[in-house]
Visitor: 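So that we are looking at the same thing, I have put the structure below in structure tokens.
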There are 2 protein chains.
Amino acid sequence: MATEVDTEITHLKNQLAQRHLKLTRQREIVLDAFLKNDHITAEALYQQIAKTNAHLGLATIYRTLNLLCELGIGQERHFGDNKTTFDNVLHKKHHDHLICYKCGKIVEFECSEIEKLQEEMADKHGFILQNHKLELYGYCKDIENCEKSITTPTPAVGVPTS
Amino acid sequence: MATEVDTEITHLKNQLAQRHLKLTRQREIVLDAFLKNDHITAEALYQQIAKTNAHLGLATIYRTLNLLCELGIGQERHFGDNKTTFDNVLHKKHHDHLICYKCGKIVEFECSEIEKLQEEMADKHGFILQNHKLELYGYCKDIENCEKSITTPTPAVGVPTS
DNA sequence: ATGATATTGATAATGAAAATCAAAGTCGAA
DNA sequence: TTCGACTTTGATTTTCATTATCAATATCAT
Ligand SMILES: [Mn+2]
Ligand SMILES: [Mn+2]
Ligand SMILES: [Zn+2]
Ligand SMILES: [Zn+2]
């Protein structure tokens, strides 16, 4: 039976064709691996792929991830740390994030009231809103996972300010 | 008469003393220059200082800016570009920002309703909110300044996603 | 004034991400 | 199927903002 990934591969193939780009083995592998995650960094995906497939250059991971973003399958995010996190937004509507400083858990949420107020704020100050970035940082109450997990040697600092 | 800066220099001196740090000519210069701006990058401040004062090493600018952040006089921000913007928050309450993609104008705003809803969202998902990052990107209607200004060779891209 | 301690500045080091470029792969046309 | 124009890959170098080094210099409590 055609799997979810098969469908996406086909879709990717079409997207690529339109742009005179080619469907390569590497792109299939990256797409496949990327879709198995919700939020992942290029480096992490590189490691993940290295475990189960033949070697793929890190440059290719970056290039393909950027390509997926152009195709609307992924979106770049910048949570606390200094490395870009790629958000798998396939079949997802707009959402913002809650990030746990301690265990790094990321929860997606959406709040139409906030979105509406953002519009109002922009309007009030004479701006035509195009985009926004909203991230909530704190500590999750996930005893099972958070408490004993990553007792952060690197505090996974997000935004120490605000 | 004692100027605003004099007051701040005195305050800085006290803050430093408590931490066994010393008040240097360089720190005075950086503080003075920093307070003349609302939002500025290390590099920009470096250039600005270079025009009116004796030379100050870029490393010193960075070190002092970080120090000011520790003292609560400044806060690091990351708007679109890849360089850190230092927010002069002296005598300012919490606020978020509206950024113009075209001319780079930055407007500060605050919305208690949004802040409240953020709390609710965090709570709803089992998070203890510690911090947040909210930035609104778009285009300002400042005909005078925006329309004819920086016809961005570098589009001052912010967050192309979300 | 003096010395213990902190700071500066020139420069090297970092590290994530992008740029290079020759070798290899893809795919539409023949 | 074959061919070649065009794209992609991977190894490596480059970029660029920020931090780390460290010897020389400045600060300040006593
Ligand atoms: Mn997400
Ligand atoms: Mn501000
Ligand atoms: Zn957690
Ligand atoms: Zn503008």
Visitor: Using a cut-off of less than 4.0 Å, is there contact between a side-chain N or O of Thr60(A) and OP1 or OP2 of dT8(D)?
Guide: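 So the side-chain polar atoms of Thr60(A) never come under 4.0 Å of the phosphate oxygens OP1 or OP2 of dT8(D).
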Visitor: Nearest heavy-atom pair of Lys22(A) and Arg27(A): which atoms, and what distance?
Guide: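 Result for this residue pair: O-NH1, 2.6 Å.
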Visitor: Expressed as a whole number of angstroms, how long is the span from Leu58(A):CG to dT8(D):P?
Guide: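 Rounded to whole Å, this separation is 18 Å.
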Visitor: Taking 4.0 Å as the cut-off, does a side-chain nitrogen or oxygen of Asn66(B) come that near to OP1 or OP2 on dT19(D)?
Guide: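 True: Asn66(B) side-chain N/O within range (under 4.0 Å) of dT19(D) OP1/OP2.
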Visitor: For dG10(D), take OP1 and OP2 only and decide whether either is under 4.0 Å from a side-chain N or O of Gln26(A).
Guide: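 Yes, Gln26(A) has a side-chain N/O under 4.0 Å of OP1/OP2 on dG10(D).
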Visitor: Taking the nucleotide of DNA chain D with the nearest heavy atom to each, does Ala59(A) or His78(B) sit closer to the 5' end?
Guide: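 The residue whose closest nucleotide sits nearer the 5' end is Ala59(A).
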Visitor: Give a yes or no on whether Lys124(A) atom NZ has more than 12 heavy-atom contacts from other residues, nucleotides or ligands under 6.0 Å away.
Guide: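 No, the 6.0 Å shell around NZ holds no more than 12 heavy atoms from other groups.
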Visitor: Within this structure, what is the CD1-to-C1' distance between Ile29(B) and dT8(C), rounded to whole angstrom?
Guide: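 Nearest whole value for this atom pair: 12 Å.
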Visitor: Under 3.5 Å, is there a donor on one side chain and an acceptor on the other for His132(B) and Gln118(B)?
Guide: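 Yes - a donor-acceptor pair under 3.5 Å links their side chains.
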Visitor: Measure from OH on Tyr62(B) to P on dC16(D) and round the result to the nearest Å.
Guide: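 These atoms are roughly 13 Å apart.
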Visitor: Please figure out whether Leu21(B) or His55(B) has its closest DNA chain C nucleotide nearer the 5' end.
Guide: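 Closest to the 5' end, via its nearest nucleotide, is Leu21(B).
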Visitor: Is any NZ, NE, NH1 or NH2 atom of the basic residue among Lys102(B) and Asp142(B) found under 4.0 Å from an Asp or Glu carboxylate oxygen of the other?
Guide: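 Here Lys102(B) does not pair with Asp142(B) in a salt bridge, since their nearest N and O are not under 4.0 Å apart.
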Visitor: Which nucleotide sits closest to the side chain of Lys22(A): dG25(C), dA17(C), dT18(D)?
Guide: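 That would be dG25(C).
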Visitor: Taking the side chain of Leu56(A) as its heavy atoms from C-beta onward, which of dT8(C), dA17(C), dG10(D) lies nearest to it?
Guide: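 The answer is dG10(D), which lies nearest to the side chain.
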Visitor: Categorize Thr41(B) for me: base, sugar-phosphate, or nothing, with a 4.0 angstrom heavy-atom threshold over every strand shown.
Guide: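 Answer is nothing: Thr41(B) stays at 4.0 Å or more from every strand.
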Visitor: Between dA6(C), dA10(C), dA18(C), which nucleotide gets closest to the side-chain atoms of Arg63(B)?
Guide: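 Side chain of Arg63(B) sits closest to dA10(C).
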Visitor: What is the distance from CD of Glu70(A) to P of dA18(C), rounded to the nearest Å?
Guide: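 Roughly 11 Å, once rounded to whole Å.
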Visitor: Would you mind telling me which of dT9(D), dA19(C), dT8(C) lies closest to the side-chain atoms of Thr24(A)?
Guide: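 Ranking dT9(D), dA19(C), dT8(C) by closest atom to the Thr24(A) side chain puts dT9(D) first.
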Visitor: Specify the separation, in whole Å, of atom CZ of Arg25(B) and atom C1' of dA6(C).
Guide: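 That distance rounds to 19 Å.
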Visitor: Answer yes or no: side-chain N or O of Lys83(B) and base N or O of dC16(D) forming a donor-acceptor pair under 3.5 Å.
Guide: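 By the distance-only test, no, there is no pair.
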Visitor: Can you find a pair of side-chain heavy atoms, one from Ile99(A) and one from Val107(A), that are under 4.5 Å apart?
Guide: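 SC-SC contact between Ile99(A) and Val107(A) ruled out.
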Visitor: Whole angstroms only, please: what is the CZ-C1' distance between Arg27(B) and dA26(D)?
Guide: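 Answer to the nearest Å: 11 Å.
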